[in-house]
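Here is the structure we will look at.
Note that the structure is predicted; figures quoted are calculated from it, not measured.
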Amino acid sequence: QVQLVESGGGLVQTGGSLRLSCAASGRTVSNYKMGWFRQAPGKEREFVAGINWSVGTTYYEDSVKGRFTISRDTNRNTVYLQMNSLKPEDTAVYYCAARYGLGFSTGPQSWNYWGQGTQVTVSS
C-alpha cells in the first residue's frame with residue numbers, strides 16, 4: 001500500500017502561483033510513476049502532470065505546459081507541482097496519484113493509489 005497526502009492548495013488571484021506537495025509513505029515509490037490530476041465541478045478527472053520516479057522523466061497536459069512543473073525529492077519521498085501563471089480555468093480539486101507498472105498512462109483508471117485531494121481556486 002502507498003499512502004499519499006497532498007497539501008498546498010488555496011485561493012490565489014489570476015496570474016499567481018501555488019506549489020502543491022504530495023508526501024508518499026508505505027511502500028517505496030522508486031518503481032512508481034507519480035502524477036497530479038484535477039477535477040472541476042461537473043467535469044471528469046483529468047491528467048495534469050506526471051513523473052517517472054526512478055529516472056525523472058516528466059509528462060504534461062498541453063494546457064499546463066510552460067506554466068506547471070512537476071518534480072520530486074527522493075530524500076523526502078515527496079512530489080511537487082509548481083503552478084505559475086494560474087488561470088480561473090485551473091480551479092479544481094487536485095489529486096496526487098501513484099501508478100505501478102510499465103509505461104505511462106494519463107487515464108485515471110490506470111492509477112493505483114490516490115490522495116484525498118486539495119482545493120485550488122483561482123479568482124479572476
Side-chain angles (χ1 to χ4, degrees):
Q1 285 279 4
V2 175
Q3 291 80 42
L4 304 171
V5 179
E6 303 102 331
S7 61
L11 173 65
V12 65
Q13 291 185 335
T14 298
S17 298
L18 283 174
R19 188 177 80 156
L20 306 183
S21 300
C22 173
S25 61
R27 288 184 177 179
T28 177
V29 294
S30 59
N31 294 322
Y32 282 70
K33 284 77 175 177
M34 303 296 292
W36 288 96
F37 290 75
R38 64 188 179 188
Q39 189 166 16
K43 294 188 176 181
E44 294 186 351
R45 192 168 298 188
E46 64 174 1
F47 170 78
V48 175
I51 188 166
N52 185 320
W53 189 274
S54 60
V55 296
T57 306
T58 57
Y59 309 83
Y60 295 96
E61 192 268 330
D62 286 345
S63 70
V64 307
K65 285 180 180 177
R67 299 189 299 124
F68 291 11
T69 302
I70 189 170
S71 62
R72 85 262 196 249
D73 184 330
T74 56
N75 291 325
R76 295 178 182 269
N77 238 27
T78 299
V79 63
Y80 303 98
L81 185 67
Q82 177 67 44
M83 305 185 294
N84 299 328
S85 302
L86 282 161
K87 305 174 181 180
E89 50 264 44
D90 294 317
T91 295
V93 177
Y94 283 70
Y95 296 90
C96 178
R99 178 177 183 274
Y100 184 82
L102 296 177
F104 191 89
S105 172
T106 60
Q109 68 279 2
S110 299
W111 293 70
N112 307 105
Y113 302 101
W114 294 87
Q116 81 287 353
T118 184
Q119 177 70 46
V120 171
T121 303
V122 184
S123 64
S124 57

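There is no path of hydrophobic side-chain contacts, each under 4.5 Å, that joins Y59 to V79. Cluster annotation: Y94 and L18 are assigned to the same hydrophobic cluster (Ile/Leu/Val/Met/Phe/Trp/Tyr, side-chain heavy-atom contacts under 4.5 Å, transitive). V48 and Y80 end up in different hydrophobic clusters when Ile, Leu, Val, Met, Phe, Trp and Tyr side chains are linked at under 4.5 Å.
With sequence neighbours excluded, no residue forms a salt bridge (Lys or Arg N to Asp or Glu O under 4.0 Å) with K87. With sequence neighbours left out, R67 forms a salt bridge (Lys or Arg N to Asp or Glu O under 4.0 Å) with D90. Every residue two or more places apart in sequence or in another chain that forms a salt bridge (Lys or Arg N to Asp or Glu O under 4.0 Å) with E46 is listed here: R38. Scored by the salt bridge (Lys or Arg N to Asp or Glu O under 4.0 Å) test, R19 finds no partners at all (sequence neighbours excluded). By the side chain to side chain donor-acceptor pair (under 3.5 Å) test, N84 is found to be paired with S17, Q82, residues two or more places apart in sequence or in another chain being considered. Residues satisfying the side-chain contact (heavy atoms from CB on, under 4.5 Å) criterion with N77, sequence neighbours excluded, are A24, V29, W53. Shown here are the side-chain contact (heavy atoms from CB on, under 4.5 Å) partners of S25, two or more places apart in sequence or in another chain: Q3. Every side-chain contact (heavy atoms from CB on, under 4.5 Å) that S7 has, sequence neighbours left out, goes to S21. A search for side chain to side chain donor-acceptor pair (under 3.5 Å) contacts involving T57 returns nothing, not counting sequence neighbours. Residues satisfying the side chain to side chain donor-acceptor pair (under 3.5 Å) test with D62, not counting sequence neighbours, are K65.
For the pair E61/F68, no side-chain contact is recorded, criterion being any heavy-atom separation below 4.5 Å from C-beta on. Counting heavy atoms from C-beta outward, Y32 and R27 have side chains that approach closer than 4.5 Å. For the pair L20/W36, a side-chain contact is recorded, criterion being any heavy-atom separation below 4.5 Å from C-beta on. Counting heavy atoms from C-beta on, the side chains of N31 and S54 never come closer than 4.5 Å.
In this structure, CD1 in I51 is found 9.5 Å from CE in M34, a value given to the nearest 0.5 Å.
Considering every non-hydrogen atom in both N75 and D73, the closest pair reads N-OD1, 2.9 Å.
Between the side chain of Y60 and the main chain of I70, a donor-acceptor pair closer than 3.5 Å is present.
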Show me, pair by pair, the donor-acceptor contacts under 3.5 angstrom made by side chains of residues 113-124, not counting sequence neighbours?
residue: Q116; atom: NE2; partner: E6; partner atom: O; Å: 3.3
residue: Q116; atom: NE2; partner: E6; partner atom: OE1; Å: 3.4
residue: T118; atom: OG1; partner: G9; partner atom: N; Å: 3.2
residue: Q119; atom: NE2; partner: A92; partner atom: O; Å: 3.4
residue: Q119; atom: NE2; partner: T121; partner atom: OG1; Å: 3.3

Check: residues 95-108 side-chain donor-acceptor pairs under 3.5 Å, at least two apart:
residue: R99; atom: NE; partner: S110; partner atom: O; Å: 3.1
residue: R99; atom: NH1; partner: L102; partner atom: O; Å: 3.2
residue: R99; atom: NH1; partner: G103; partner atom: O; Å: 2.9
residue: R99; atom: NH2; partner: L102; partner atom: O; Å: 3.4
residue: S105; atom: OG; partner: G107; partner atom: N; Å: 3.2
residue: S105; atom: OG; partner: S110; partner atom: OG; Å: 3.1

**Study point:** Check against ring-ring contact (aromatic ring centres under 6.0 Å, His included), W111 and F37
**Key:** CA-CA 10 Å; W111 293 70; F37 290 75; 5.3 Å; yes
Check your understanding: Does the side chain to side chain contact (heavy atoms under 4.5 Å, CB included) test come out yes or no for L86 and T14, once each step is laid out?
Key -> CA-CA 5 Å; L86 282 161; T14 298; over 6 Å; no
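No more than 12 heavy-atom neighbours from other residues, nucleotides or ligands sit within 6.0 angstrom of CD on Q13.
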